[in-house]
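In what follows, every heavy atom counts, from backbone to side chain, and hydrogens, waters and symmetry copies are set aside. As the structure is a prediction and not an experimental result, all values here were calculated from the model. Chain identifiers are assigned alphabetically (A, B, ...) following the order of the sequence lines, protein sequences preceding nucleic acid strands; residue numbering begins at 1 within each chain.
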2 protein chains.
Amino acid sequence: MMARLNMRELALKLGVDRATISRALSSDKAHLVAPATRERIRQEAFAAGYRPDLTAAALRRGRSNTIGILVSDLGNETFIEVIRTIFRYLDKRPGEASLTPLIAETLDQPDATRRLIDTFLSRRVDAIISLASTEADTPILQQAAREVPVVLAIRSIAGAVFPSSLCDDRAGGAMVATHFAERGHKVVCQVQGPPLSATFKNRALGFSEVCAARSIVEMPQRIFAENATSAAGKRALDAMLGMSPRPTAVFAHNDALALGVIEAMRHRGLRYPEDLAIVGFNNTHLSRVLAVPLSTVDYPVEDVSRHAGELVRNLIDNPSYRFESRLFVPSLIVRASS
Amino acid sequence: MMARLNMRELALKLGVDRATISRALSSDKAHLVAPATRERIRQEAFAAGYRPDLTAAALRRGRSNTIGILVSDLGNETFIEVIRTIFRYLDKRPGEASLTPLIAETLDQPDATRRLIDTFLSRRVDAIISLASTEADTPILQQAAREVPVVLAIRSIAGAVFPSSLCDDRAGGAMVATHFAERGHKVVCQVQGPPLSATFKNRALGFSEVCAARSIVEMPQRIFAENATSAAGKRALDAMLGMSPRPTAVFAHNDALALGVIEAMRHRGLRYPEDLAIVGFNNTHLSRVLAVPLSTVDYPVEDVSRHAGELVRNLIDNPSYRFESRLFVPSLIVRASS
DNA sequence: AACATCTTGTCAATCGATTGCAAAAAGTGT
DNA sequence: ACACTTTTTGCAATCGATTGACAAGATGTT
């Protein structure tokens, strides 16, 4: 491997001091060096292929321009979209060095959060965004929050007050129930994602509240999917068909679960919405592609991401920033499936 | 934010030198410190919540224990699975510090690769794995390869010799064509992903070669999807139906495209495989969930990932390692759709 | 011409961990 | 007790960029 050119060598070559180079290449201190010199240095540095060592810069500055992101499942389209959007937003800081994401996946395994947060802190991330928090993570996150800003997105934690940017899942669940009520359904059912995550708990809660208020019968035992995937959705339909009275509409806690239910129906020759109306959650690409498009709840990706980005940015610039956590309202998208 | 405990302070507190602490906590030099002292230091360090600063360590060592990963689309299940598997493999190095992935997405945009590789190099990654290479990236990758090992996975680049771990996409395409031939299809079609990526080019090539050899008519103009998504697949079906003679079987270059085609068929009341047989590629979860499960080509995720991991590991340990690029054969999975 | 002010650049300390070298301590053999 | 090897620990330089303090030079003011 080739030896790299460092600032000292470049300085020697250009006949100026390292300090001048550092300032010329920086964005905040560039005004301290004469325009002519600055340009010359920038050009020569580029021509020589000089690349500043960010590990050295991070050490000296105490800031790594790095943000740790914790996500439960990289296979989830919505999470990915939120991550993308947050960084698209954060990179729009004119003149500022760009922030590199450190992405880590917990798969909701008990010890993963602790281990990954540890890595983040050792790598001196400037902030941590968790899209993967569960109740069990509270102590770890609180401890981390003493060293760097910790922002919660998508998933909340009951009790603990972290700056957060969330979707009002309860309202989302309620919308679906209301929609079912308006369509005249009397017996309905939920296919619930793992209750480990507050997301699913709240969707269930909002749905049940409305059902209770409008005296819609919800199947006594809700169906829990061990993970929020289409395979689990498929199994859910079997459970549902055995029940009596049989539900005429089902709320799947996300679109993947809904797809599973739909395919299981197709397999049995059942049709939706005729035999069973169905609504999903997240408004993924999938929901639009289906021959009978899926009604679903549109996740406010843009809002949640932007606010999470703002929180992070402000908290990095000023750790005692008086943040405001926010809850964004999703919107029901009615398509042919319900 | 709380000030962090550094090694100097910890040393003071324990009444030993920083050097001793460094050695006690390391894995490779731990034998240089007396067992009793080592244990005491480890316990005290843990109790005091000491966390070594990896930016400092990286600077001094010239190794960051970080690997840059370039991926074209984080929404692609197969890519994610490969990334997961590579790191599961790399973390199995007993006694070695764990490697942190720096994941970046190019979305196949022209300038993204250059910019992201630059960031990687500035952050002093120990190696780069690209799952996103296109022909246009050759010069940038070659330049990067002079500073750190660069390994290609999934997507190859014609001409340039980088250590690589690939799927034999050509063989995959050929398998599908052979399968069609055996089922007696005379007129077939491909829905091809963007030819920017060698992956799709090779799938097309392998398929076409077999068609030619067995005198199967391939529709003169192949259908190109501008991106390999289900929406594009949906549009593809329209194009296909206008053709004459009409194909009786279609090879979609990945499962997402196949899903699009399937849903478009369902929309028009066509049935598969009766009206049109279909085979996808990648063996994603989706293909198994469908009511009529999708025939598909199983991507050798495990093999490709493991070999990519081995390449990286060996090249990091020894930059002049005589690597061997490999091509893994996928396997056709015949289900009800063809 | 004397003095204040502003610009531009240099010097040198600093961030925190790692490691070659050498000193101190402990162990071994006679 | 002595010479010796081996083990354990400490000292201090080092990685590369950043930045406060300061000096030299340029410009302006009266």
Side-chain angles (χ1 to χ4, degrees), chain A residues 1 3-42 45 48-66 96-97 121-126 147, chain B residues 1 3-42 45 48-66 96-97 121-126 147:
Chain A
M1 298 293 115
R4 273 182 272 245
L5 181 67
N6 66 22
M7 201 177 254
R8 167 176 264 115
E9 291 157 0
L10 182 63
L12 210 65
K13 206 154 118 176
L14 298 197
V16 295
D17 194 84
R18 322 214 276 307
T20 308
I21 297 191
S22 172
R23 288 193 267 254
L25 297 181
S26 87
S27 49
D28 53 333
K29 296 208 166 40
H31 62 103
L32 290 178
V33 33
T37 331
R38 192 199 310 149
E39 273 319 300
R40 185 173 72 94
I41 290 179
R42 288 193 171 172
Y50 171 70
R51 223 190 301 278
D53 184 325
L54 293 187
T55 65
L59 172 59
R60 170 62 226 233
R61 273 207 278 233
R63 283 209 27 192
S64 61
N65 284 317
T66 271
E96 301 230 18
L121 293 176
S122 271
R123 295 208 174 270
R124 296 299 183 252
V125 295
D126 297 335
E147 298 191 29
Chain B
M1 298 292 116
R4 274 181 272 246
L5 180 67
N6 66 22
M7 201 178 254
R8 169 176 263 114
E9 291 157 0
L10 183 64
L12 211 65
K13 203 153 120 178
L14 299 198
V16 295
D17 192 83
R18 326 215 274 307
T20 308
I21 297 191
S22 173
R23 288 192 271 250
L25 297 181
S26 85
S27 49
D28 53 333
K29 297 207 165 43
H31 62 105
L32 290 177
V33 32
T37 330
R38 191 199 312 150
E39 273 319 301
R40 185 173 73 95
I41 290 179
R42 289 194 169 172
Y50 171 71
R51 223 189 302 279
D53 183 325
L54 293 186
T55 65
L59 172 59
R60 169 64 225 234
R61 273 204 281 231
R63 283 211 25 192
S64 62
N65 284 317
T66 270
E96 301 230 16
L121 293 177
S122 272
R123 295 208 175 270
R124 297 299 183 255
V125 296
D126 297 335
E147 298 190 27

Quick check on contacts: within residues 49-61 of chain B, what sits under 4.0 Å from DNA chain D by heavy-atom distance?
B/Leu59, B/Arg60
Do you know which two heavy atoms are closest between B/Ser64 and B/Ala58, and how far apart they sit?
CA-CB, 3.8 Å
Whole angstroms only, please: what is the CZ-P distance between B/Arg4 and C/dA17?
11 Å
Whole Å only: how far is the CZ atom of B/Arg63 from the C1' atom of C/dA17?
15 Å
The test is side-chain contact (heavy atoms from CB on, under 4.5 Å); show your working for B/Arg123 and A/Thr66 and say whether it passes.
CA-CA 10 Å; B/Arg123 295 208 175 270; A/Thr66 271; 3.5 Å; yes
Figure out the CZ/P separation between B/Arg8 and C/dT18, and round it to whole Å.
14 Å
Please answer whether the main-chain N or O of B/Gly62 pairs with a side-chain N or O of B/Arg124 as donor and acceptor at a distance below 3.5 Å.
no
Got a second to check how far B/Ile41's CD1 is from B/Ile21's CD1, nearest 0.5 Å?
5.5 Å
Could you tell me the separation between the CD1 atom of B/Ile21 and the P atom of C/dT19, rounded to a whole number of Å?
15 Å
Drop me the distance from B/Asp17's CG to B/Leu12's CG, to the nearest 0.5 angstrom.
10.5 Å
Atom-pair distance (CG on B/Leu25; P on C/dG16), nearest Å:
16 Å
Compare side-chain N and O positions of B/Lys29 against OP1 and OP2 of C/dT19 and report whether any pair is under 4.0 Å apart.
yes
Separation of atom CG in B/Leu5 from atom P in C/dG16, rounded to whole Å:
10 Å
Walk me through whether A/Arg4 and A/Asn6 qualify under side chain to side chain donor-acceptor pair (under 3.5 Å).
CA-CA 6 Å; A/Arg4 273 182 272 245; A/Asn6 66 22; over 6 Å; no
Using modelled atom types and a 3.5 Å cut-off, is there a donor and acceptor pairing between side-chain atoms of A/Arg38 and backbone atoms of A/His31?
no
CG on B/Leu25 to OG1 on B/Thr20, rounded to 0.5 Å
10.5 Å
Just the atom pairs and distances: protein N or O near nucleotides 4-11 of chain D's N or O, under 3.5 Å.
residue : atom : partner : partner atom : Å
D/dT9   : OP1  : B/Thr37 : OG1          : 2.8
D/dT9   : OP2  : B/Ala34 : N            : 3.0
D/dG10  : OP2  : B/Asp17 : N            : 2.9
D/dG10  : OP2  : B/Thr20 : OG1          : 2.8
D/dG10  : N7   : B/Arg23 : NH2          : 3.1
D/dG10  : O6   : B/Arg23 : NH1          : 3.4
D/dG10  : O6   : B/Arg23 : NH2          : 2.8
D/dC11  : OP2  : B/Asp17 : OD1          : 3.2

Check: B/Leu54 and B/Asn65 side chains under 4.5 Å, non-hydrogen atoms
no
Calculate the interatomic distance between A/Met7 atom CE and C/dC11 atom P; express it in whole Å.
16 Å
Distance in angstrom units between B/Asn6 CG and C/dC15 C1', rounded
9 Å
